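None of these values were measured; they are calculated from a predicted model.
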Amino acid sequence: GNQEAGEMGLAAVPGRQAAFRQDLAAAVQYARAVGCPRIHLMAGRVPLGADRAAVADEMETTFIENLRYAADLLAQEDMIGLVEPINNRITDPHYFLNTPHQAAAILEKVRRPNLKLQLDLFHCQIMDGNLSRNLEAYFPLIGHIQIAQVPGRHEPDSPGELNFPYIFELLESLGYSGYVGCEYAPKGDTLEGLGWLRSYWESRGLQHGGTSKAAE
């Protein structure tokens with residue numbers, strides 16, 4: 001979408017289906033070029049001036065239609081489409097897709113195996129909390145995990161509500177083998193902001209890069 005015009009994705013925005021398909025085709029080209037097998041299909045915002053409840057059904061219908069189209073196109077490329085709930089309490093009051101429950105219900109209606117949940121624990125904590133049970137409940141749907149401390153959206157070891165060593169161990173116990181995206185704003189620069197990861201590895205008896213000291 002056109003970010004300068006206030007758009008933040010198009011997949012659920014009525015009347016913008018043609019633009020969504022055009023942008024999706026471009027995204028597939030980029031993903032193919034860099035070898036990225038997953039594409040985040042952003043739902044978009046409730047139109048300014050519209051009542052969320054009044055347009056919810058039309059936006060969900062548009063979202064489902066576009067997700068099915070995207071899933072079929074991505075299947076030809078052996079790619080996965082992701083949908084991410086973004087909290088509407090702090091980050092974006094107008095974003096359409098806000099909770100894992102809403103996302104799971106839509107994915108159930110779409111019924112495409114190559115569409116998954118992109119679960120950002122920052123947004124999930126703000127909207128619902130109960131992270132352990134939510135991770136367990138939605139684990140079969142998860143295609144990507146993102147992290148940031150709450151409420152500052154900084155590094156996992158910055159002051160905040162979330163116990164990330166516990167969360168990482170829970171993900172391992174559930175069998176998660178995908179990437180964990182660092183979707184946070186570093187308090188300093190990027191390299192300094194990765195110090196938490198080195199400390200985490202050392203606490204687990206691992207070398208830089210996550211390799212076992214015993215294996216070394």
(request) For the residue pair Asn88 and Met127, establish whether any side-chain heavy-atom pair is separated by less than 4.5 Å. (result) yes
(request) Could you tell me which non-hydrogen atom of Gln17 sits nearest to which non-hydrogen atom of Glu65, and how far apart they are? (result) CG-OE2, 3.8 Å
(request) State plainly whether the residues Arg45 and Glu7 are in salt-bridge range, i.e. N to O under 4.0 Å. (result) no
(request) Calculate, to the nearest 0.5 Å, the distance between atoms OG and CG belonging to Ser199 and Leu194 respectively. (result) 11.0 Å
(message) Check this for me, if you would: do Arg111 and Glu108 make a salt bridge, where the nitrogen-to-carboxylate-oxygen distance has to be below 4.0 angstrom?
(response) yes
(message) Check for me, please, whether Tyr166 and Ile145 land in the same ILVMFWY cluster - side-chain distances under 4.5 Å, paths through other members count.
(response) yes
(request) Go through the steps to decide whether Ile106 and Val110 satisfy the test side-chain contact (heavy atoms from CB on, under 4.5 Å), and finish with yes or no. (result) CA-CA 6 Å; Ile106 289 172; Val110 175; 4.1 Å; yes
(request) Verify salt bridge (Lys or Arg N to Asp or Glu O under 4.0 Å) between Glu60 and Lys109, making sure each step is shown before the conclusion. (result) CA-CA 10 Å; Glu60 181 174 301; Lys109 294 176 182 179; 2.5 Å; yes
(message) Taking the basic N atoms (NZ, or NE/NH1/NH2) and the acidic carboxylate oxygens, is any pair closer than 4.0 Å for Arg204 and Glu172?
(response) yes
(message) Can you give me the closest heavy-atom contact between Ala103 and Leu117, atom names plus distance?
(response) CB-CD1, 3.8 Å
(message) Run Phe164 and Gln149 through side-chain contact (heavy atoms from CB on, under 4.5 Å) and show every step you take.
(response) CA-CA 8 Å; Phe164 278 101; Gln149 186 58 274; 4.2 Å; yes
(message) Within the supplied structure, the quantity of interest is the number of heavy atoms (other residues, nucleotides, ligands) at a distance under 6.0 Å from Asp189 CG; does it exceed 12?
(response) yes
(request) Give a yes or no on whether the backbone of Cys36 and the side-chain of Tyr30 come within a donor-acceptor separation of less than 3.5 Å. (result) no
(request) State, with a plain yes or no, whether a side-chain heavy atom of Pro186 is found less than 4.5 Å away from one of His154. (result) no
(request) Step by step, work out the side-chain contact (heavy atoms from CB on, under 4.5 Å) result for Tyr69 and Leu24. (result) CA-CA 10 Å; Tyr69 173 87; Leu24 176 63; 4.0 Å; yes
(message) Can you confirm whether Leu121 sits close enough to Val150 that some side-chain heavy atom of one is under 4.5 Å from a side-chain heavy atom of the other?
(response) no
(message) Here's a test for you: under side chain to side chain contact (heavy atoms under 4.5 Å, CB included), which of Asp23, Asn66, Leu67, Leu10 qualifies with Leu41?
(response) Leu67
(request) Taking all non-hydrogen atoms of both residues into account, name the closest pair between Ala104 and Tyr138 and its distance. (result) CB-CE2, 3.7 Å
(message) Between Asn87 and Ile126 (side chain of the first, backbone of the second, donor and acceptor by atom type, cut-off under 3.5 Å), is there such a pair?
(response) no
(request) Kindly compute the distance separating CG (Asn2) from CE (Met8), expressed to the nearest 0.5 Å. (result) 14.0 Å
(message) Could you check whether any side-chain N or O of Asn114 sits under 3.5 Å from a backbone N or O of Ala71, counting only pairs where one atom can act as donor and the other as acceptor?
(response) yes
(message) Could you check whether Arg153 makes a cation-pi contact with Phe122, meaning its NZ or CZ is under 6.0 Å from the centre of the six-membered ring and within 45° of the ring axis?
(response) yes
(message) Using only atom types and a distance under 3.5 Å, with no angle test, would you say the side chain of Asn134 pairs donor to acceptor with the backbone of Gly129?
(response) yes
(message) Between Gln125 and His123 (side chain of the first, backbone of the second, donor and acceptor by atom type, cut-off under 3.5 Å), is there such a pair?
(response) no
(request) Ignoring hydrogens and angles, tell me if any N or O in the side chain of His144 forms a donor-acceptor pair with the backbone of Gln118 under 3.5 Å. (result) no
(request) Measure the CG-CZ distance between Leu107 and Phe63 for me, rounded to the nearest 0.5 Å. (result) 7.5 Å
(request) May I ask you to decide if Gly143's main-chain N or O and Arg38's side chain share a donor-acceptor pair within less than 3.5 Å? (result) yes
(request) Identify the two heavy atoms, one from Cys182 and one from Trp196, that lie closest to each other, and give their separation to 0.1 Å. (result) SG-CZ2, 3.9 Å
(request) Could you tell me whether the side chain of Ser132 reaches within less than 4.5 Å of the side chain of Leu170, counting heavy atoms only? (result) yes
(message) Main chain of Val28, side chain of Glu77: is a donor-acceptor contact present, judged purely on distance under 3.5 Å?
(response) no
(request) Would you indicate whether Asp51, at its atom CG, is surrounded by more than 12 heavy atoms from other residues, nucleotides or ligands within a distance under 6.0 Å? (result) yes
(message) For Pro14 versus Met59, what's the shortest heavy-atom pair and its separation?
(response) CD-CG, 3.9 Å
(request) State yes or no: do Ile80 and Val83 share one hydrophobic cluster built from I, L, V, M, F, W and Y residues joined by side-chain heavy-atom distances below 4.5 Å, directly or via other members? (result) no
(message) Can you tell me how far apart CD (Glu136) and CG (Asn130) are? Round to the nearest 0.5 Å.
(response) 9.0 Å
(request) Could you tell me which residues satisfy ring-ring contact (aromatic ring centres under 6.0 Å, His included) with Tyr200, sequence neighbours excluded, listed by chain and number? (result) Phe168
(request) Begin from the C-alpha positions of Asn98 and Arg52 and carry the test side-chain contact (heavy atoms from CB on, under 4.5 Å) through to its verdict. (result) CA-CA 12 Å; Asn98 305 132; Arg52 179 182 289 271; 3.0 Å; yes
(message) I want to check something: taking the side chain as every heavy atom from C-beta on, are Pro85 and Gln102 in contact at a cut-off of under 4.5 Å?
(response) no
(request) May I ask you to decide if Ala43's main-chain N or O and Tyr95's side chain share a donor-acceptor pair within less than 3.5 Å? (result) yes
(message) Do Leu82 and Met79 land in one hydrophobic cluster if side-chain heavy atoms of ILVMFWY residues count as linked below 4.5 Å?
(response) no
(message) Measuring from atom CG of Leu206 to atom CD of Glu202, what distance do you get when rounded to the nearest 0.5 angstrom?
(response) 9.5 Å
(request) Kindly say whether Ala18 contributes a backbone atom to a donor-acceptor pair with the side chain of Gln22 at under 3.5 angstrom? (result) no
(request) Work out which heavy atom in Pro151 is nearest to a heavy atom in Glu161; give both atom names and the distance. (result) CD-OE2, 4.5 Å
(request) Report whether Val180 and Leu119 are members of the same hydrophobic cluster (ILVMFWY, side-chain heavy atoms less than 4.5 Å apart, transitive linking). (result) yes
(request) Starting at CD1 of Ile39, measure out to CG of Leu115 and round the result to the nearest 0.5 Å. (result) 11.0 Å
(message) Between Val46 and Ile86, is there shared hydrophobic-cluster membership here, with clusters defined by ILVMFWY side-chain heavy atoms closer than 4.5 Å?
(response) yes
